[in-house]
Asker: 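Take a look at this one; I'll ask things after.
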Amino acid sequence: MSRREIILIGKRDLSIRAHVGIEASIDAFRREIDPAITFHWVATSEIADCGPERSLASATGIWCAPGGPYESTEGALQAIRYAREQRRAFLGTCGGFQHALMEYCRNVLGREAVHEETATAAPNPLIVKLACSLVGVNARVIAVPGSSFTEMIGGAESIEEFNCNYGLAASFESIFSGSDLRFTAYDEAKQVRAFALAGHPFFVGTLFQPERRALAGALHPIVRAFLQHA
């Protein structure tokens, strides 16, 4: 079986339930599919200092984890760009979803993209505070018909666990139209909740935290798909 090495982007903190869930998800994958898969955490500050080519070269998969604000926004963005350009399997959950949209907006669409949490005075942030907090919320997520999201979850919708206060500003959704970054799932209010990058082996982001399902002993199909592609 081919080697799989997952690099988790962020500062490991087991007081964050998503971090516990990520490690539990990889353990579940080991039990079910590949006992040889390995993982380790790399801080965003290390990536900013050393460069992604040095910090991430061994990765077959890169998971940008929840836990923002990151120590280094630029380090997180560099890691995501590396995964996108080097065609490494990528999963961004919660904060990783938000920063992947920022990276694509900046480096592909050529638009300024900031996060309201770290740039409170910015006039037009791409990532904004949600009108209704999603901290500790379970909510319905509806797949775009025919999307990769439908294939991964095996149906048209699912109930997912959220733990965030920020998401994509609705006024910016249209700038991604016609690009390879496709929105693949929405909530009941038609707010973006997942994306996938066309033409990439696996480049997916979710505002919800699929890793939390492992805390109840189950491996989320999106996480399984990511690890299988790694």
Asker: Under a 4.0 Å N-O cut-off, is there an ion pair linking E157 with R193?
Answerer: no
Asker: Check whether any side-chain N or O of T60 sits under 3.5 Å from a backbone N or O of R4 as a donor-acceptor pair, and report yes or no.
Answerer: no
Asker: Assess whether a salt bridge exists between E116 and K129, defined as any Lys/Arg side-chain N lying under 4.0 Å from an Asp/Glu carboxylate O.
Answerer: no
Asker: Kindly determine whether E5 and H40 satisfy side-chain contact (heavy atoms from CB on, under 4.5 Å), including the steps that lead there.
Answerer: CA-CA 8 Å; E5 182 173 357; H40 66 277; 2.9 Å; yes
Asker: Are V114 and F97 connected in the hydrophobic side-chain network, where two residues link if heavy atoms are under 4.5 Å apart?
Answerer: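 No, because V114 and F97 fall into different hydrophobic clusters, even though each may have its own neighbours under 4.5 Å.
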Asker: Between H200 and D180 (side chain of the first, backbone of the second, donor and acceptor by atom type, cut-off under 3.5 Å), is there such a pair?
Answerer: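 No, because the side chain of H200 does not come within donor-acceptor range (under 3.5 Å) of the backbone of D180.
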Asker: Show the nearest heavy-atom pair for residues G21 and A214, with the distance to one decimal.
Answerer: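 So the minimum-distance heavy-atom pair works out to O-CB, 3.7 Å.
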Asker: According to side-chain hydrogen bond (donor to acceptor under 3.5 Å, both in side chains), does anything in residues 211-230 pair up with another residue at least two apart or in another chain? List the pairs.
Answerer: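 Matches after skipping sequence neighbours: E32-R224, T93-E211, E160-R213, E160-H220, Q209-R212, R213-H220.
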Asker: Could you tell me how the ring of F195 sits relative to the ring of F203: parallel (under 30°), tilted (30 to 60°) or perpendicular (over 60°)?
Answerer: tilted
Asker: Contact between C164 and L130 at the side-chain level, heavy atoms closer than 4.5 Å - yes or no?
Answerer: yes
Asker: Working to the nearest 0.5 Å, report the span between CD of E117 and OH of Y166.
Answerer: 4.5 Å
Asker: Would you indicate whether the side-chain heavy atoms of L101 and F172 approach each other to under 4.5 Å?
Answerer: no
Asker: When the ring planes of F226 and F202 are compared, do they come out parallel, tilted or perpendicular, using 30° and 60° as the limits?
Answerer: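 If you compare the ring of F226 with that of F202, the planes turn out tilted.
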Asker: Classify the angle between the aromatic ring planes of Y70 and H99 as parallel (below 30°), tilted (30 to 60°) or perpendicular (above 60°).
Answerer: perpendicular
Asker: Would you give the length of the straight line joining atom CD1 of I26 to atom CG of D34, rounded to the nearest 0.5 angstrom?
Answerer: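 That separation rounds to 11.5 Å.
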Asker: Taking atom SG of C132 and atom CG of L134, what is their separation to the nearest 0.5 Å?
Answerer: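 The distance works out to 8.0 Å.
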Asker: Spell out, yes or no, whether I142 and V144 are grouped together once hydrophobic residues are joined by side-chain heavy atoms under 4.5 Å, including indirect joins.
Answerer: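 Different hydrophobic clusters.
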Asker: Counting only N and O atoms by type, is there a donor-acceptor contact under 3.5 Å from the side chain of H19 to the main-chain atoms of P66?
Answerer: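 Side chain of H19 to backbone of P66, a donor-acceptor pair under 3.5 Å: yes, one is there.
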Asker: Between R81 and E103 (side chain of the first, backbone of the second, donor and acceptor by atom type, cut-off under 3.5 Å), is there such a pair?
Answerer: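 No; judged by distance alone, with no hydrogens or angles, the pair does not exist.
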Asker: Could you tell me if the side chain of I153 sits less than 4.5 Å from the side chain of I222, heavy atoms only?
Answerer: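 Side chain of I222 against side chain of I153, heavy atoms only: contact under 4.5 Å found.
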Asker: Nearest heavy-atom pair of R88 and A59: which atoms, and what distance?
Answerer: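 Minimum heavy-atom separation between R88 and A59: NH1-O, 2.7 Å.
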Asker: When rounded to the nearest 0.5 angstrom, what distance separates CG in L91 from CG in L8?
Answerer: 10.0 Å
Asker: State, yes or no, whether a side-chain contact exists between S179 and V108 at a heavy-atom distance under 4.5 Å.
Answerer: no
Asker: Measuring from Y82:OH to I62:CD1, what's the distance to the nearest 0.5 Å?
Answerer: 6.5 Å
Asker: Any side-chain heavy-atom pair from L207 and V192 closer than 4.5 angstrom?
Answerer: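 No, their side chains stay 4.5 Å or more apart.
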Asker: Kindly work out whether a path of hydrophobic side-chain contacts (I/L/V/M/F/W/Y, heavy atoms less than 4.5 Å apart) joins I6 to V20.
Answerer: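 Result: no, two separate clusters.
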Asker: Taking side chain as C-beta onward, heavy atoms only, is L77 less than 4.5 Å from M102?
Answerer: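 Heavy-atom side-chain distance check passes, below 4.5 Å.
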Asker: Is the side chain of N163 donor-acceptor paired with the backbone N or O of G136 at a distance under 3.5 Å, no angle test?
Answerer: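 Indeed, once roles are kept as given, a pair shorter than 3.5 Å links the two residues.
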Asker: List the steps and the verdict of side-chain contact (heavy atoms from CB on, under 4.5 Å) for F176 and Y104.
Answerer: CA-CA 9 Å; F176 294 90; Y104 195 85; 4.0 Å; yes
Asker: What closest approach, in Å, do M152 and A225 show between heavy atoms, and which atom pair accounts for it?
Answerer: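 Looking at all heavy atoms of both residues, the closest pair is SD-CB, 3.8 Å.
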Asker: Would R111 and I175 count as a side-chain contact (heavy atoms from CB on, under 4.5 Å) if you check the C-alpha gap in whole Å, the side-chain angles of each, and the deciding distance to 0.1 Å?
Answerer: CA-CA 9 Å; R111 302 280 295 266; I175 72 172; 3.4 Å; yes
Asker: Between E161 and N138, what is the shortest heavy-atom contact and its length?
Answerer: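 Taking E161 first and N138 second, the nearest heavy atoms are CG-OD1, 3.3 Å.
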Asker: Please report the closest heavy-atom contact between G96 and I80, naming both atoms and the distance.
Answerer: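 G96 and I80 have their closest heavy atoms at O-CD1, 4.3 Å.
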Asker: Would you please test V141 and D187 for side-chain contact (heavy atoms from CB on, under 4.5 Å) and show each step?
Answerer: CA-CA 5 Å; V141 174; D187 69 0; 5.7 Å; no
Asker: Between R106 (side chain only) and A113 (backbone N and O only), is there a donor and an acceptor less than 3.5 Å apart?
Answerer: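 Such a contact is found between R106 side chain and A113 backbone.
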Asker: Ignoring hydrogens and geometry beyond distance, is a side-chain donor-acceptor pair present between W41 and E23 at under 3.5 Å?
Answerer: yes
Asker: Decide yes or no for R84 and F90: does some side-chain heavy atom of the first lie under 4.5 Å from some side-chain heavy atom of the second?
Answerer: no
Asker: For S147 and T184, work out which heavy atoms get closest and say how close.
Answerer: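 It is OG-O, 3.4 Å.
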Asker: Hey, could you give me the OG/CG distance between S25 and L219, rounded to the nearest 0.5 Å?
Answerer: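 One finds 6.0 Å between OG of S25 and CG of L219.
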Asker: Kindly work out whether a path of hydrophobic side-chain contacts (I/L/V/M/F/W/Y, heavy atoms less than 4.5 Å apart) joins V128 to V137.
Answerer: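 They do not share one cluster, since no chain of ILVMFWY contacts under 4.5 Å joins V128 to V137.
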Asker: Taking E71 for its side chain and K11 for its backbone only, find out whether a donor-acceptor pair lies under 3.5 Å.
Answerer: no
Asker: Counting C-beta onward and ignoring hydrogens, is there a side-chain heavy-atom pair between L227 and I37 closer than 4.5 Å?
Answerer: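 L227 vs I37: side chains touch.
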